[in-house]
Amino acid sequence: MNEQEDFSGRLKVLAGLMVLVIAVLIARAGYLQIYEGDYYAELADGNRIRIIPAMAPRGTFYDRNGELLVKNRPGFTVSLLPLTSPISDDVIARLSDLLKVPTEEIQQKIAAHSGFDPIRIKQDVTPDIVSILEEQKELYPGVVIEVQPIRDYILKQMGSHTFGYVSEINDTELEKLKDQGYKSGDIIGKFGLEKVYDKELRGQNGGEQVEVDVSGKPVKILGKKEPIAGDDLVLTIDKNLQQAAEKAVDDQLAAIHASAAAAVVMNPQTGEVLAMVSRPAFDPNLFAHGISAKDWNALNNNPAHPMDNKTITGEYPPGSTFKIVTGTAALTEGVVTPDELIMDTGHHWIIPKGNSGGEALGLINFRQALAHSDNVYFYEMGNRLGIDRIEKYGRMFGLGQRTGIDLPYEAEGLVANRAYKAKWFEDGEWYLSETFDAAIGQGFNLVTPLQACMVMSEIAADGKRYKPHLVKRMLNPDGSVAKEIEPELLSTLDVPPNVIKLVQDGLHDVTKYGTAASSFRGFTIDIAGKTGTAENSQGRDHGWFVAYGPFDNPNICVAVIVEQGGFGAQSAVPIGRKILEAAFSENAQENSN
């Protein structure tokens, strides 16, 4: 092969290779454009398009009559939006000094953040902060002001334990909720109804699709999605009755120098909760815009525990209010007849346990014993029943379990029983003296104020136990009904109607000539009631009062406890009377409209 032929061959090979390379490049370009074009277009858009979210306003709360309870107001939030480059340390330091937020906290929020959403540093800032940031934009690159809906609890502390509060989601909560669409910086319900109905209340966020230039400055709005507000809640709460109940509790606590109490008002025929009070309380607005360390420490270190909703988490010995259960059990089981006379000499003849004041009432029947809250009579009922049957009827009334109310952190309470003692006490043997204690609501028995109200409601409703609830209906943003909450019958007492009637009559006598008679002298509405005094190893006894009315057609039931208030007739009954006065006044106004 001569030299010319060799060169020609090499040229052909080189040309073939060039054709092959060009063909591969053309094929690759075609593949990228045809098969992966959407992917790379998305990457390109990601370099010039940003989504700036807009928070949806939470649904509002109304009382049963349409009165506004919780709403939203516009507020300014300082956020970071690093469109093209990370936020510099100098900007973080200036922002920390301006907002009084530690740099470590800002850095933590940046580190925990992902995506293009704004990193919210401080909510509900004052107008002067907004002015500084607007006037000195060049010193705060990447810092933006968002106008966001801020939760506004217009009644301050009123109903705080029921309504609850909202706050920014934390890392632990985010880990549990991120698969449900929650993101860092989201505002979520953390207590009360805000927590239970967070999904319905939070709505759907909107936002703007914005094109930015190389410096990150927005140049064009490409699209916009309006946020959709969350569902509104129409509560079973009556605002006027709630206010009256809170005032009654506050006035009595001040008068007797006590610091803690709880009260529940409900309709025994439906389970609708009309008012719910726990003292001391807190202002949920403190959480809506980020609670300060000072305010949090003041709440957290208060020995009366203002953050506890005592109506559902407070567990107390029921005292003599439990005689409703013991009396129902004794009559149903036939261990006593309504007319049998039992001698009260001041102490029981087996174990020398007596009446709280040392009085001796002589021969008394069931109605007299219930009206005068006679311990000796009910000790004998415990003696005849035994602890197992007392436990059976306590559970039949729904004690020892959660009521199922639509609030978080509800306690179960406790029905005195052999198994509990055997499990938790070294000496697991059950003694007759403990049965005596259980029969009058002492010893191991524990109930919440809501459970005490439920027991009274079951007697008022002829044995029917309705699930207590706080939401009457949910409304769509356009005002249409999204869901109606109907009364839910949980159970009916398995006792003869005549037994319930006997208990009703005995409770009626309590307010006529019994332990609450003096407080209800001249009361215009016929009611039934029961006082109670619960022993307390930590100080003075707790005072109880439960009642319902009108007696012939009850639609109001109330339970009140005053921690360390002493005798229920002196501490809790005055609160109960004022609440009943307000409730029946509300009824009269509704009927006249």
J.: Cut-off 3.5 Å, side chains only: do K464 and S491 have a donor facing an acceptor?
T.: no

J.: Under 3.5 Å, is there a donor-acceptor pair between the side chain of D152 and the main chain of K71?
T.: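 No; zero donor-acceptor contacts below 3.5 Å.
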
J.: For P554 and Y548, which heavy atoms make the closest approach, and how far apart are they?
T.: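 Taking every non-hydrogen atom into account, CB-CD1, 3.5 Å.
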
J.: Within the side chain of E410, is there an N or O that forms a donor-acceptor pair under 3.5 Å with the backbone of T403?
T.: yes

J.: If you measure only the distance, is there a donor-acceptor pair under 3.5 Å linking the side chains of D541 and T533?
T.: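 Distance-only check fails for D541 and T533.
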
J.: Between K472 and D63, does any NZ, NE, NH1 or NH2 come within less than 4.0 Å of an OD or OE carboxylate oxygen?
T.: no

J.: Side chains of residues 558-574: which donor-acceptor pairs under 3.5 Å do they make with residues two or more places apart or in other chains?
T.:
residue	atom	partner	partner atom	Å
E563	OE2	Y316	OH	2.6
S571	OG	F567	O	3.0

J.: CG/L580 to CD1/I525 distance, rounded to the nearest 0.5 angstrom?
T.: 9.5 Å

J.: Check whether any side-chain N or O of D526 sits under 3.5 Å from a backbone N or O of P550 as a donor-acceptor pair, and report yes or no.
T.: no

J.: Do D231 and Y197 meet the criterion of a side-chain donor-acceptor pair at a distance under 3.5 Å?
T.: no

J.: Side chains of P497 and I500, heavy atoms from C-beta outward: is any pair under 4.5 Å?
T.: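 Counting from C-beta outward, P497 and I500 never come under 4.5 Å.
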
J.: Could you check if a side-chain atom of T172 sits within less than 4.5 angstrom of a side-chain atom of E175, using non-hydrogen atoms only?
T.: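 Side-chain contact under 4.5 Å: no.
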
J.: Counting only N and O atoms by type, is there a donor-acceptor contact under 3.5 Å from the side chain of D232 to the main-chain atoms of T60?
T.: yes

J.: How about P477 and I228: do any of their side-chain heavy atoms sit closer than 4.5 Å?
T.: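 When only atoms from C-beta onward are counted, I228 and P477 do touch, with a gap below 4.5 Å.
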
J.: Can you tell me if NZ on K512 sees more than 12 non-hydrogen neighbours from other groups inside 6.0 Å?
T.: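 Atom NZ in K512 is crowded, with more than 12 foreign heavy atoms closer than 6.0 Å.
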
J.: Can you check whether Q401's main-chain N or O pairs, donor with acceptor, with Q451's side chain at less than 3.5 Å?
T.: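 Yes, Q451 side chain to Q401 backbone: donor-acceptor pair under 3.5 Å.
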
J.: How far apart are the closest heavy atoms of P57 and P149, and which atoms are they?
T.: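 Closest pair (atom of P57, atom of P149, distance): CA-CG, 3.7 Å.
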
J.: Just checking, any donor-acceptor pair under 3.5 angstrom between side chains of Q504 and D462?
T.: yes

J.: Report yes if the side chains of E315 and T448 come closer than 4.5 Å at any heavy-atom pair, otherwise no.
T.: yes

J.: Could you check whether any side-chain N or O of D374 sits under 3.5 Å from a backbone N or O of A369, counting only pairs where one atom can act as donor and the other as acceptor?
T.: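 Not at all, since once roles are kept as given, no pair shorter than 3.5 Å links the two residues.
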
J.: Under 6.0 Å from the six-membered ring centre of Y409 and within 45° of its axis: does the NZ or CZ of R402 meet both?
T.: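 The answer is no; the distance or angle limit is not met.
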
J.: Pair V265, V273 - check side-chain contact (heavy atoms from CB on, under 4.5 Å), show working.
T.: CA-CA 6 Å; V265 188; V273 177; over 6 Å; no

J.: Would you say S373 and S320 are linked by a side-chain donor-acceptor pair, where the criterion is simply a distance under 3.5 Å?
T.: yes

J.: So that I can tick it off, tell me whether R64 and D238 are bridged by a salt bridge, with the cut-off set at under 4.0 angstrom between side-chain N and carboxylate O.
T.: no

J.: Check whether the side chains of T326 and K323 place a donor and an acceptor atom closer than 3.5 Å, and report yes or no.
T.: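 K323 and T326 do not have a side-chain donor-acceptor pair below 3.5 Å.
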
J.: How about Q538: does its CD atom have over 12 heavy atoms from other parts shown lying under 6.0 Å from it?
T.: no

J.: Show me, pair by pair, the donor-acceptor contacts under 3.5 angstrom made by side chains of residues 298-307, not counting sequence neighbours?
T.:
residue	atom	partner	partner atom	Å
N301	ND2	N297	O	3.0
N302	OD1	A304	N	2.9
H305	NE2	P303	O	3.4

J.: Show the numbers, then the answer: is there a side chain to side chain donor-acceptor pair (under 3.5 Å) between Y393 and D494?
T.: CA-CA 9 Å; Y393 281 83; D494 185 18; over 6 Å; no

J.: Any donor-acceptor pair under 3.5 Å linking the side chain of K190 with the backbone of E168?
T.: yes

J.: Under 6.0 Å from the NZ atom of K421, do we count more than 12 heavy atoms belonging to anything else shown?
T.: yes

J.: Can you find a pair of side-chain heavy atoms, one from L407 and one from M276, that are under 4.5 Å apart?
T.: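 A side-chain contact exists here, since the closest heavy-atom pair is under 4.5 Å.
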
J.: Can you confirm whether the side chains of S480 and N476 place a donor and an acceptor under 3.5 Å from each other?
T.: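 Side-chain D/A pair, S480 to N476: present.
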
J.: Is there side-chain contact between N65 and K239, with heavy atoms separated by less than 4.5 Å?
T.: no

J.: Indicate yes or no for a side-chain donor-acceptor contact from N285 to the backbone of Y153 under 3.5 Å, with no hydrogens or angles considered.
T.: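 Here the side-chain-to-backbone pair exists.
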
J.: Is a side-chain donor or acceptor of E434 paired with a backbone partner of G443 at a separation under 3.5 angstrom?
T.: no

J.: How are the rings of Y165 and F282 set to each other: parallel, tilted or perpendicular (split at 30° and 60°)?
T.: perpendicular

J.: Tell me which one of E246, Q252, Q157 satisfies side chain to side chain donor-acceptor pair (under 3.5 Å) with R279.
T.: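 For R279, the side chain to side chain donor-acceptor pair (under 3.5 Å) test succeeds with only one of E246, Q252, Q157, which is E246.
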
J.: For the aromatic rings, using the six-membered ring if either is Trp, is the centroid distance between F545 and F520 under 6.0 Å?
T.: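 Yes; F520 has its ring centre under 6.0 Å from that of F545.
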
J.: Side-chain donor-acceptor contacts of residues 482-489 below 3.5 Å, not counting sequence neighbours, with atom names and distances?
T.:
residue	atom	partner	partner atom	Å
E484	OE1	R473	NE	3.2
E484	OE2	R473	NE	3.1
E484	OE2	R473	NH2	3.1

J.: Under a 3.5 Å threshold, yes or no: a donor from one side chain and an acceptor from the other, between N72 and R58?
T.: no

J.: State, yes or no, whether a side-chain contact exists between Y182 and I188 at a heavy-atom distance under 4.5 Å.
T.: yes

J.: Measure the shortest side-chain to side-chain distance between F191 and H161 over non-hydrogen atoms and say whether it is less than 4.5 angstrom.
T.: yes

J.: Within the side chain of R395, is there an N or O that forms a donor-acceptor pair under 3.5 Å with the backbone of E391?
T.: no

